[in-house]
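A quick write-up on the structure given underneath.
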Amino acid sequence: MTTLYLRELEIAQLAVQRAAQLTKRVFHETAKGTVSKDDASPVTIGDFGAQALIIAALRHNFPADAVVAEEEAAPLRADPALRDRIWELVRSTKLEDVGAEGLLGGGVRDVDAMLEVIDRGGSKGGRVGRVWAIDPIDGTKGFLRGGQYAVCLGLLVDGDVKVGVLGCPNLPVDDAAPLTADIGANQTDDEGRGVLFSAVVGQGATSRPLGPGALKEGKKIAMKAVTDMASASFCESVEAGHSNQSDSAQIAQKLGITKPSVRMDSQAKYGSIARGAGDIYLRLPTSKTYQEKIWDHAAGDLIVREAGGQVTDTTGARLDFGVGRTLANNKGVVAAPAAVHGQVIKAVREVLKL
Ligand SMILES: Nc1ncnc2c1ncn2[C@@H]1O[C@H](COP(=O)(O)O)[C@@H](O)[C@H]1OP(=O)(O)O
Ligand SMILES: [Mg+2]
């Protein structure tokens with residue numbers, strides 16, 4: 001049994017668990033309407049807060065590692081009221097498990113340290129060394145709708161994803177729960193929800209309840225074998241601007257898939273197919289110019305591959321995480337069980353004329 005990346009995995013899981021605790025607090029305030037639409041965006045507050053907590057944990061444990069994250073602190077330096085609201089959340093979000101909180105270094109010292117850590121996410125990424133990719137709230141539209149979103153953390157070493165962790169506070173804990181469309185209804189109840197997906201390269205993928213208490217042992221997850229395309233299910237973005245939904249409908253038809261797509265926000269899609277709740281994830285370019293961001297795919301890519309899937313772009317090439325902050329060498333994403341991935345790519349290429 002290899003123990004490679006064991007410590008990275010433990011810290012990443014706890015860092016995501018803690019950050020998700022912060023986003024859940026913001027999520028429930030939004031759901032209850034205590035954050036008005038004219039207020040600073042709850043997404044903004046959750047994003048900055050979660051990013052600060054994750055980077056603080058990484059710097060405490062792996063001070064030499066580079067970090068690629070979405071946000072920078074400039075807007076907070078210009079807006080003390082916003083800064084202070086975020087600080088209040090960051091200061092007061094701790095893991096229930098005191099030992100685990102200690103492993104993460106106990107949070108952030110003061111408000112200036114918070115601004116400083118948020119700004120530590122500016123690495124250019126690249127092919128060399130250790131780089132953590134963070135999306136503090138992936139699926140911001142889902143977060144606002146009361147639907148799916150994910151706290152995402154991946155470790156790249158020399159451009160390859162080695163560790164991936166996804167916290168999905170609004171997915172069912174139960175791996176066998178059927179795949180349903182984005183809830184989108186400002187649900188306020190965490191009962192039965194919240195799952196933490198993890199993978200380490202070569203060691204498989206797991207799921208476990210996201211908490212709030214001490215993390216339980218993970219259960220191995222695996223993609224479901226697709227024996228009959230007619231009954232396969234595929235998922236895609238809720239946002240038509242993120243993935244071309246008419247192309248996906250044509251591809252599904254070509255494959256003989258008869259069920260309508262399941263639309264959900266965020267990398268919860270990767271987690272859902274990895275545990276066999278869905279079968280195929282299609283993300284089809286809507287523009288020639290958009291470059292996917294590494295933090296939107298690093299964790300999901302590894303979790304699906306370690307669960308028996310294959311993840312490529314629309315041409316069938318593996319996602320290249322070593323070219324910087326974006327997946328500049330790739331267009332779109334096609335994730336499916338390894339046994340049928342080639343068949344899916346063939347249909348994708350025919351419809352997109354690649
Ligand atoms: N034109 C686009 N094509 C693909 N993805 C996009 C596009 N514009 C934004 N995104 C990204 O899609 C992600 C959400 O994906 P999903 O639809 O699967 O929930 C967000 O991280 C968002 O990035 P950003 O946060 O920069 O807006
Ligand atoms: Mg994102």
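Start at 1 and go down the list; that is how both ligands and their atoms are numbered.
Atom 26 (O) of ligand 1 has its closest protein heavy atom at Glu70 OE2, 3.5 Å. For atom 11 (C) of ligand 1, the nearest non-hydrogen atom of the protein is Tyr290 OH, 3.3 Å. With respect to atom 19 (O) of ligand 1, the closest heavy atom belonging to the protein is Ser266 N, 2.6 Å. In terms of protein heavy atoms, atom 16 (P) of ligand 1 is closest to Ser237 OG, 3.4 Å.
For the pair Lys141 and ligand 1, no heavy-atom separation below 4.0 Å is found.
Proximity of Val238 to ligand 1, defined as any heavy-atom pair under 4.0 Å, is not found for any part of the residue. When non-hydrogen atoms are compared, ligand 1 lies under 4.0 Å from the side chain of Asp296 (C-beta onward) but not from its backbone.
Heavy-atom contacts of Thr286 reach the following atoms of ligand 1: 1 (N) (cutoff under 4.0 Å). Less than 4.0 angstrom separates some heavy atom of Gly241 from each of these atoms of ligand 1: 1 (N), 2 (C), 3 (N).
Checked options Asp320, Asp158, Asp160; the residue passing with Arg127 is Asp320 (criterion: side chain to side chain donor-acceptor pair (under 3.5 Å)). Tested against Leu9 for a side chain to side chain contact (heavy atoms under 4.5 Å, CB included), the candidates Thr206, Val165, Leu4 yield a single pass: Val165.
At least one N or O atom of His242 sits closer than 3.5 Å to an N or O atom of ligand 1. Residue Arg283 places at least one N or O, backbone or side chain, under 3.5 Å from an N or O of ligand 1. Close N/O approach between Glu239 and ligand 1 is not found [any backbone or side-chain N/O within under 3.5 Å].
Residues Arg283 and His297 are in side-chain contact: their nearest non-hydrogen atoms beyond the backbone lie under 4.5 Å apart.
One N or O on the side chain of Asp279 and one on the backbone of Ser233 form a donor-acceptor pair closer than 3.5 Å. Although no hydrogens or angles enter the test, the distance criterion places a donor-acceptor pair under 3.5 Å between the side chain of Asp47 and the main chain of Ile137.
Ionic pairing of Arg208 and Glu217 is not present here: no N-O contact between side-chain nitrogen and carboxylate oxygen is shorter than 4.0 angstrom. Ion pair Arg263/Glu239 not flagged as a salt bridge, since none of the NZ, NE, NH1 or NH2 atoms sits closer than 4.0 Å to an Asp/Glu carboxylate oxygen. Between Lys331 and Glu292 there is no salt bridge, since no side-chain nitrogen of the basic residue lies less than 4.0 Å from a carboxylate oxygen of the acidic one.
A cation-pi contact, defined as under 6.0 Å to the ring centre and within 45° of the axis, is absent between Arg275 and Phe197.
Looking at Asp296, its N, O or S atom nearest to the Mg ion (ligand 2) turns out to be OD1. Of all N/O/S atoms in Asp135, OD2 sits nearest the Mg ion (ligand 2). Within Asp138, the N, O or S atom at minimum distance from the Mg ion (ligand 2) carries the name OD1.
Comparing Glu236, Gln291, Gln148, Lys269 against atom 18 (O) of ligand 1, the shortest heavy-atom distance belongs to Lys269.
Sparse packing is recorded around CD of Gln253, with 12 or fewer heavy atoms of other residues, nucleotides or ligands lying under 6.0 Å away.
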